[in-house]
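Here is the structure we will look at.
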There are 2 protein chains.
Amino acid sequence: MTRMHYTRDNMAGLLRSHEINPTHQRIEIAHALFSRQEHLSADQVMAIVNTRHSETSKATVYNTLKLFLEKGLVREVIVDPSKVFFDPNTSPHHHLYEVDSGKLSDIDAEHVQISGLPPLPAGMVTEGIDLIVRVRRKA
Amino acid sequence: MTRMHYTRDNMAGLLRSHEINPTHQRIEIAHALFSRQEHLSADQVMAIVNTRHSETSKATVYNTLKLFLEKGLVREVIVDPSKVFFDPNTSPHHHLYEVDSGKLSDIDAEHVQISGLPPLPAGMVTEGIDLIVRVRRKA
DNA sequence: CCGGATATTAGACAAAGTCCAGATTGCCGT
DNA sequence: ACGGCAATCTGGACTTTGTCTAATATCCGG
């Protein structure tokens, strides 16, 4: 896989390819997520985008993240009851969550196999399977 | 497995067997969870316990649920970013979450097999593996 | 350069959960 | 029964995450 540079210019193309109108704020938010390739919460995104001086409002950060989600640009990771994380990696993968530090990392789905799941209830389709391995520092 | 009656009297014994002092409020909360055998959120527990007239404060409900959690009487299920569910079933199992209705049901772990997980980071122990199948009503 | 659609904003609001200081309860030994 | 101590419970203020709204700003085609 070719490593790609997540410049702000490239972000515009990325957004367009997902049918998202590339505005200044959206580019900044996408850049925050993709240049780091990390799991960020909404308030972390806020903090990053507004480091120099306040540029983007809370409402826009939330609106934009929801938009990215709908357009399939990012994924939502629900592991912490107090906040949602957004994951710029949309390829199939699972998560490792360090309970005490709150650190969240990816587990490639390629070698993981899940079998024996019961059939779905009638009229239902799978939207996704989340596998979360919760770990703790050994006592 | 013998079916058991979750009477309030039996709750006292259950609590004691988990090193929890059985008070009136704790018995009511345990009864709410175990007699239904359902996943309840804190505010659902509140509503159930206070149906007739207000008996138990919000603080106590939260304190008690946290206590039950620490003592291993219930499990936490994190699927909805807006609220935590408490699960009286502590035997190993997974979850099926109907995204649009919010309905949450159990998947017996007995026949499900997960293989190929990478080794844990050094000095870490698994606290639990959560598998959540998210489903949606077919369009 | 006009007008409509799209995006952004500040700030009020809502809901889940935490915290604290004071009141209650239960229980012990006497 | 009684005083006292520890454990528990309580109302209410507070925090945090996230939503909503009405007003403003920006963009773009003609």
Side-chain angles (χ1 to χ4, degrees), chain A residues 8 11-12 15-16 18-33 39-50 52-71 73-74 76-87 99 102 104, chain B residues 8 11-12 15-16 18-33 39-50 52-71 73-74 76-87 99 102 104:
Chain A
R8 284 176 176 73
M11 288 300 101
L15 294 180
R16 263 186 286 265
H18 284 258
E19 299 180 313
I20 299 170
N21 213 335
T23 66
H24 173 60
Q25 287 89 337
R26 289 171 180 174
I27 288 170
E28 284 306 311
I29 291 172
H31 185 253
L33 280 161
H39 308 83
L40 300 177
S41 61
D43 62 317
Q44 287 176 311
V45 171
M46 267 271 271
I48 292 169
V49 166
N50 292 332
R52 296 170 179 281
H53 33 70
S54 193
E55 296 168 24
T56 305
S57 72
K58 184 167 61 149
T60 298
V61 170
Y62 279 98
N63 287 343
T64 301
L65 289 172
K66 194 189 285 184
L67 178 68
F68 285 4
L69 202 57
E70 285 163 11
K71 297 296 188 179
L73 194 60
V74 300
E76 215 178 13
V77 186
I78 304 172
V79 282
D80 182 315
S82 73
K83 58 180 67 172
V84 172
F85 287 97
F86 294 87
D87 187 346
V99 177
L104 185 61
Chain B
R8 284 175 176 74
M11 287 303 100
L15 293 180
R16 262 187 286 263
H18 284 259
E19 299 181 315
I20 300 171
N21 213 335
T23 65
H24 174 61
Q25 289 88 337
R26 287 170 182 176
I27 288 171
E28 285 304 313
I29 292 172
H31 182 71
L33 280 161
H39 309 81
L40 300 178
S41 61
D43 61 317
Q44 286 176 310
V45 171
M46 268 272 270
I48 291 169
V49 165
N50 291 331
R52 295 171 179 280
H53 32 71
S54 193
E55 296 167 25
T56 305
S57 73
K58 184 166 62 148
T60 298
V61 170
Y62 278 98
N63 287 343
T64 301
L65 289 171
K66 196 190 283 183
L67 178 68
F68 285 4
L69 202 57
E70 285 164 12
K71 298 295 187 177
L73 193 60
V74 301
E76 216 177 13
V77 185
I78 304 172
V79 282
D80 182 315
S82 73
K83 57 179 68 174
V84 172
F85 287 98
F86 294 87
D87 188 346
V99 177
L104 185 60

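None of the values given here were measured: they were computed from a predicted structure. Chain identifiers are assigned alphabetically (A, B, ...) following the order of the sequence lines, protein sequences preceding nucleic acid strands; residue numbering begins at 1 within each chain. Just so it is clear, the values below take in all heavy atoms, side chains as well, and ignore hydrogens, waters and symmetry mates.
If you check every strand for non-hydrogen atoms under 4.0 Å, A/Ser82 touches sugar and phosphate atoms only.
Taking CD1 from B/Ile29 and CD1 from B/Ile48, the interatomic distance works out to 10.5 Å, rounded to the nearest 0.5 Å. Separating the CE atom in B/Met11 from the CD1 atom in B/Ile20 is a distance of 11.5 Å, to the nearest 0.5 Å.
Partners of B/Ser41 according to the side-chain hydrogen bond (donor to acceptor under 3.5 Å, both in side chains) rule, which considers only residues two or more places apart in sequence or in another chain, are B/Asp43, B/Gln44. Evaluation of the side chain to side chain contact (heavy atoms under 4.5 Å, CB included) rule for B/Val77 yields B/His39, B/Val79, B/Phe85, B/Asp87, B/His95, B/Leu104 as partners, not counting sequence neighbours. Every residue was checked against the salt bridge (charged side-chain N to carboxylate O under 4.0 Å, His left out) condition with A/Asp80, not counting sequence neighbours, and none meets it. With sequence neighbours excluded, no residue satisfies side-chain hydrogen bond (donor to acceptor under 3.5 Å, both in side chains) with A/Gln25.
Think of the region where chain B sits on DNA chain D: with heavy atoms and a 4.0 Å cut, that region ends 5' and 3' at D/dT8 to D/dA13.
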Can you give me the N/O atom pairs linking the protein to nucleotides 7-12 of chain C at distances under 3.5 Å, or say none if there are none?
residue: C/dA7; atom: OP1; partner: A/Arg26; partner atom: NH1; Å: 3.0
residue: C/dA7; atom: O5'; partner: A/Arg26; partner atom: NH2; Å: 3.4
residue: C/dT8; atom: OP1; partner: A/Thr23; partner atom: OG1; Å: 2.5
residue: C/dT8; atom: OP1; partner: A/Gln25; partner atom: OE1; Å: 3.1
residue: C/dT8; atom: O3'; partner: A/Gln25; partner atom: NE2; Å: 2.8
residue: C/dT9; atom: OP1; partner: A/Gln25; partner atom: NE2; Å: 3.4
residue: C/dT9; atom: OP1; partner: A/Glu55; partner atom: O; Å: 2.6
residue: C/dT9; atom: OP2; partner: A/Ser57; partner atom: N; Å: 3.0
residue: C/dT9; atom: OP2; partner: A/Ser57; partner atom: OG; Å: 3.3
residue: C/dT9; atom: OP2; partner: A/Thr60; partner atom: OG1; Å: 2.8

Sub-3.5 Å pairs of nitrogen or oxygen atoms, protein against nucleotides 24-26 of chain C:
none

Step-by-step side-chain contact (heavy atoms from CB on, under 4.5 Å) determination, B/Leu40 to B/Phe86:
CA-CA 5 Å; B/Leu40 300 178; B/Phe86 294 87; 5.7 Å; no
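Within the structure, salt bridge (Lys or Arg N to Asp or Glu O under 4.0 Å) pairs that include any residue of residues 21-33 of chain B comprise B/Arg8-B/Glu28 (at least two apart or interchain).
For C/dT18, neither phosphate oxygen OP1 nor OP2 lies less than 4.0 angstrom from any side-chain nitrogen or oxygen of B/Tyr62.
Here the side chains of A/Leu15 and A/Asn21 are not in contact, with every heavy-atom distance at 4.5 Å or above.
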Cut-off 3.5 Å, no hydrogens considered: what does the side-chain donor-acceptor table look like for residues 58-71 of chain A, sequence neighbours left out?
residue: A/Thr60; atom: OG1; partner: A/Ser57; partner atom: OG; Å: 3.1
residue: A/Asn63; atom: ND2; partner: A/Ala59; partner atom: O; Å: 3.3
residue: A/Thr64; atom: OG1; partner: A/Thr60; partner atom: O; Å: 2.7

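Here C/dA16 presents its P atom at 10 Å from CZ of B/Phe85, a figure rounded to the nearest Å.
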